Amino acid sequence: MLPKTSRERRRYATKRVLVDHMRASRKTGKWPLEHADAKLRDDRSKDKSAKSTVRKFLTEYLQDSSLHGVKYLSNLSIRPSIVGKVGWALIMICSFVFLIWMVYTFWRRYSANPFRTVVESFQAPIFMIPFPAVTLCPLVPPLAARRGQLLQRLRLPADVDNNTAMFLLKYGTAFASERVLGGKNHLNKLRTLLEVNNMTLLELLKFLRPCEDLIESCWWDGEKKNCSEIFRVSHASQGVCCSFNFLLEDYIANSNLGIIRYIKTAFFGPASGLVITLHRKLLVENDGTGEFVKYSTNSVGILVYTHHPLEYLGAIANRHLLQAGQELRIAVIPYVKKKLSGYSRLNARNELVPHCVKNEAAKLKYLPVYLYSNCFVDCSIEAALRICGCVPFYYEAVAICDWENFNCLYENADNIRVIQESRMGNFTCRCYSPCLEVFYDSRGTTVVLNRHESNVWSTQ
C-alpha cells in the first residue's frame with residue numbers, strides 16, 4: 001500500500017534508496033556510497049575498469065616471469081619486513097654491479113690488442129683441453145751482440161783466430177745438429193775451442209740461445225707479461241728453442257710425477273691467446289759480420305710450433321714459418337679424438353694390429369707420457385742408442401753423444417730419426433694412436449708488415 005502523506009512518501013523513498021543501494025553493493029561489489037549523478041558514476045566505472053585491466057596484466061606478467069623472485073611481487077598479501085627489503089635491494093645491486101663488470105671485462109679483452117687472434121675450441125668443452133704449448137725455433141744465428149759478449153770471455157786456441165772463433169760461434173748452434181752436414185768440416189775446431197774453455201756443447205748452445213734474445217714483448221690473455229717468466233729454453237729436433245706452456249721436460253725431471261697443471265683460458269676469439277713481438281734485430285740477413293748461411297729451407301726466420309704441452313717436437317711436427325717483415329697469425333683448433341678399444345685392423349704388411357691402444361696401458365721406454373708422436377720420438381732415441389750408443393744433444397735427458405760419436409750421428413742421420421713404423425735388424429718400431437687423445441690442428445695466416453713494423457705472431 002502506497003503512503004498517503006508527503007512526509008510518509010519522503011521517508012519511504014529514503015528507506016527505499018538505502019535498501020536498493022545495499023542490494024547493489026552485495027551483488028556487484030560497487031562502492032558503499034555512490035553519487036546520484038549517472039554521468040559521474042559512469043566515469044568512475046570506466047576508470048575502475050582501466051585500472052583493473054592494468055592490474056590484471058601486471059599480475060599475469062609477474063606470475064609468468066622467469067626472473068627469480070619477481071613473481072612474489074604479484075602477491076599483494078605478502079608484507080615484506082625491513083630485513084627482506086634490504087636483502088632484496090642488496091641482491092639487485094650486486095646483480096647490477098656484476099653485469100657492469102662483465103661488460104667491462106669483455107670490452108677490455110676485445111679492445112686490448114689489434115694483433116690478437118682466436119683459440120677456437122668448439123669440438124670439446126674448454127675445461128677438457130689445455131692451451132697448447134707454443135715453441136719457437138730460430139733458423140737464424142745468435143745475435144751479434146751475444147756472440148761478441150761470449151767471444152770476450154773465451155780463451156782462443158793457437159790455431160783459432162778471432163774471425164774463426166766468431167764464425168764458430170755464429171754457426172755452432174747449427175753445426176751441433178747431425179742434419180747439417182756442412183758442420184763436419186768445422187767440428188774439430190769447435191771442439192778444441194770448447195775444451196780449452198772447459199765448456200760443454202750444451203752450455204755453449206744455452207748461452208747463445210736465451211729466450212730474451214728472441215722475444216721483445218709478449219701478452220697472454222690480454223695482459224702484458226714478463227716474457228722471461230712464461231718462456232724458457234727447451235729442446236726439439238730442431239735444436240735449442242724457446243717454449244711457452246711446454247711441460248714435458250719438467251715431467252721427465254720430476255720423479256714424483258703428481259698432477260700436471262696445464263695453462264688454460266676460459267675465453268676464445270680475437271681477444272684470447274698468446275701474442276709475441278720478436279726482437280727487432282733477430283730476422284736480418286746481414287748483421288755486419290757477413291751474410292747468413294741459409295738453412296736447408298733456404299730461408300731466414302723462426303719456426304713456430306703449436307703442440308700438446310706433453311708432446312716432444314719430432315722431425316715431422318706441424319710448423320709455421322715466420323720471416324722478416326711478416327706477421328703470423330695462427331688459429332689453433334683443438335679436438336678430442338676418442339676411439340673404441342678392443343678392435344683391430346690390417347696394416348700395410350697385412351698384419352692384424354690394434355685399432356688403438358688404451359691410455360692407461362700405453363707405455364714408452366724413454367718418455368713418460370704416451371702420445372702418437374712421442375712414440376716415434378721414443379723409437380728415434382732407441383735407434384740412436386742401438387746404432388751409436390748415444391743420442392744427439394737435443395735429447396738432453398738421455399746419454400748425449402760426445403765429440404768422438406758425432407761422425408756416427410752424421411753417417412746415420414736418416415736412420416736415427418724414425419717417422420713411421422719400421423724394422424732395423426732386431427729393432428721394430430710400432431706406434432698406435434691412443435684411444436683418447438687431444439689433438440691440435442693449426443692454421444696460419446701471414447700478413448706483410450710495413451718496413452718499420454716489428455715481427456709479430458700470435459696464437460689463436
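In what follows, residues are counted from 1 in the order of the sequence shown. If you're wondering where the values come from, they're calculated on a predicted model, not measured in any experiment.
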ask   = Under 2.5 Å between the sulfurs of Cys241 and Cys137, yes or no?
value = yes
message = For the cysteine pair Cys379/Cys431, does the gap between the two SG atoms stay under 2.5 Å?
response = no
key: Residue pairs involving residues 227-246 (criterion salt bridge (charged side-chain N to carboxylate O under 4.0 Å, His left out); sequence neighbours excluded)   = Arg232-Asp250
inquiry  = Please report whether the ring centroid of Phe231 lies less than 6.0 Å from that of Trp220.
reply    = no
key: Qualifying residues under ring-ring contact (aromatic ring centres under 6.0 Å, His included), relative to His355, sequence neighbours excluded   = none
key: salt bridge (charged side-chain N to carboxylate O under 4.0 Å, His left out) involving Glu311 - partner list, sequence neighbours excluded   = none
remark   = Applying side-chain contact (heavy atoms from CB on, under 4.5 Å) to Pro354 and not counting sequence neighbours gives Tyr432
query = Between the side chain of Asn245 and the main-chain N/O of Val134, is any donor-acceptor distance below 3.5 Å?
reply = no
key: Leu364 backbone acceptor or donor facing Asp378 side chain under 3.5 Å   = no
key: Ring geometry between Tyr372 and Phe376 (parallel below 30°, tilted from 30 to 60°, perpendicular above 60°)   = perpendicular
query = Quick one: are the ring centres of Tyr366 and Tyr395 less than 6.0 Å apart?
reply = no
ask   = Would you say Cys401 and Cys388 have SG atoms less than 2.5 angstrom apart?
value = no
inquiry  = Determine whether a donor-acceptor pair (N or O, by modelled atom type, separation under 3.5 Å) exists between the side chain of Thr277 and the backbone of Glu216.
reply    = no
query = Hey, are Asp402 and Arg191 close enough for a salt bridge, meaning a charged N less than 4.0 Å from a carboxylate O?
reply = no
query = Taking only residues two or more places apart in sequence or in another chain, which ones pass side-chain contact (heavy atoms from CB on, under 4.5 Å) with Asn188?
reply = none
request  = Starting at OH of Tyr335, measure out to OH of Tyr440 and round the result to the nearest 0.5 Å.
outcome  = 13.0 Å
ask   = What orientation do His307 and Phe246 show, parallel under 30°, tilted 30 to 60°, or perpendicular over 60°?
value = perpendicular
task = Output yes when Lys339 and Glu437 qualify as a salt bridge under the 4.0 Å nitrogen-oxygen rule, no when they do not.
result = no
ask   = Which heavy atom in Glu178 sits nearest to a heavy atom in Arg417, and how many Å separate them?
value = OE2-NE, 3.4 Å
For residues 199-207, run the donor-acceptor check on the side chains, cut-off 3.5 Å, and write out each pair with its distance to 0.1 Å, sequence neighbours left out.
from	atom 1	to	atom 2	distance (Å)
Thr200	OG1	Glu203	N	3.2
Glu203	OE1	Thr200	N	3.1
Lys206	NZ	Glu396	OE2	3.1

message = Ring-plane angle category for Phe175 and Phe167, please: parallel below 30°, perpendicular beyond 60°, tilted otherwise.
response = tilted
